[in-house]
**Q** 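Have a look at the structure that comes next, please.
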Amino acid sequence: MNGYMTVQEAAEKWKLTTRRVQVLCSEGRIPGATKYASIWIIPENAEKPKDRRIDKR
């Protein structure tokens, strides 16, 4: 699909595991990510979500 990337492509781009990207999608942390049939599609211009474990004071 034009304008979208797969979980695998996002994982490679953001240096995350595919499972982590799936979890981020299901938690709604990637704006525009949509489940199409049984796969997640992510807008190509989506940015990697911030890591909540890192506390910037």
**Q** Can you establish whether the number of heavy atoms outside Glu27 located under 6.0 Å from its atom CD is more than 12?
**A**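 More than 12 heavy atoms, drawn from other residues, nucleotides or ligands, come within 6.0 Å of this atom.
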
**Q** Quick one: side chains of residues 7-14, donor-acceptor pairs under 3.5 Å with protein atoms, not counting sequence neighbours, listed by atom name and distance.
**A**
residue: Gln8; atom: OE1; partner: Thr6; partner atom: OG1; Å: 3.4
residue: Glu9; atom: OE1; partner: Thr6; partner atom: N; Å: 2.8
residue: Lys13; atom: NZ; partner: Glu44; partner atom: O; Å: 3.1

**Q** Return each pair, listed once, that meets side-chain hydrogen bond (donor to acceptor under 3.5 Å, both in side chains) where at least one residue sits in residues 15-25; pairs must be two or more places apart or across chains.
**A**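 side-chain hydrogen bond (donor to acceptor under 3.5 Å, both in side chains) check on residues 15-25 returns Arg19-Gln22.
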
**Q** With clusters defined by side-chain heavy atoms of hydrophobic residues (ILVMFWY) lying less than 4.5 Å apart, directly or transitively, does Ile41 cluster with Leu24?
**A**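 No, no single cluster joins them.
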
**Q** In residues 28-36, what donor-acceptor pairs under 3.5 Å come from side-chain atoms, sequence neighbours left out?
**A**
residue: Arg29; atom: NH2; partner: Lys50; partner atom: O; Å: 2.5
residue: Thr34; atom: OG1; partner: Gly32; partner atom: O; Å: 3.2

**Q** Under a 4.5 Å side-chain heavy-atom rule over Ile, Leu, Val, Met, Phe, Trp and Tyr, are Trp40 and Val21 clustered together?
**A**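 Yes, because Trp40 and Val21 connect within a single hydrophobic cluster, where side-chain heavy atoms sit under 4.5 Å apart.
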
**Q** Which residues pass the side-chain contact (heavy atoms from CB on, under 4.5 Å) test with Asn45, not counting sequence neighbours?
**A**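 Per chain and number, Asn45 pairs via side-chain contact (heavy atoms from CB on, under 4.5 Å) with Pro43.
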
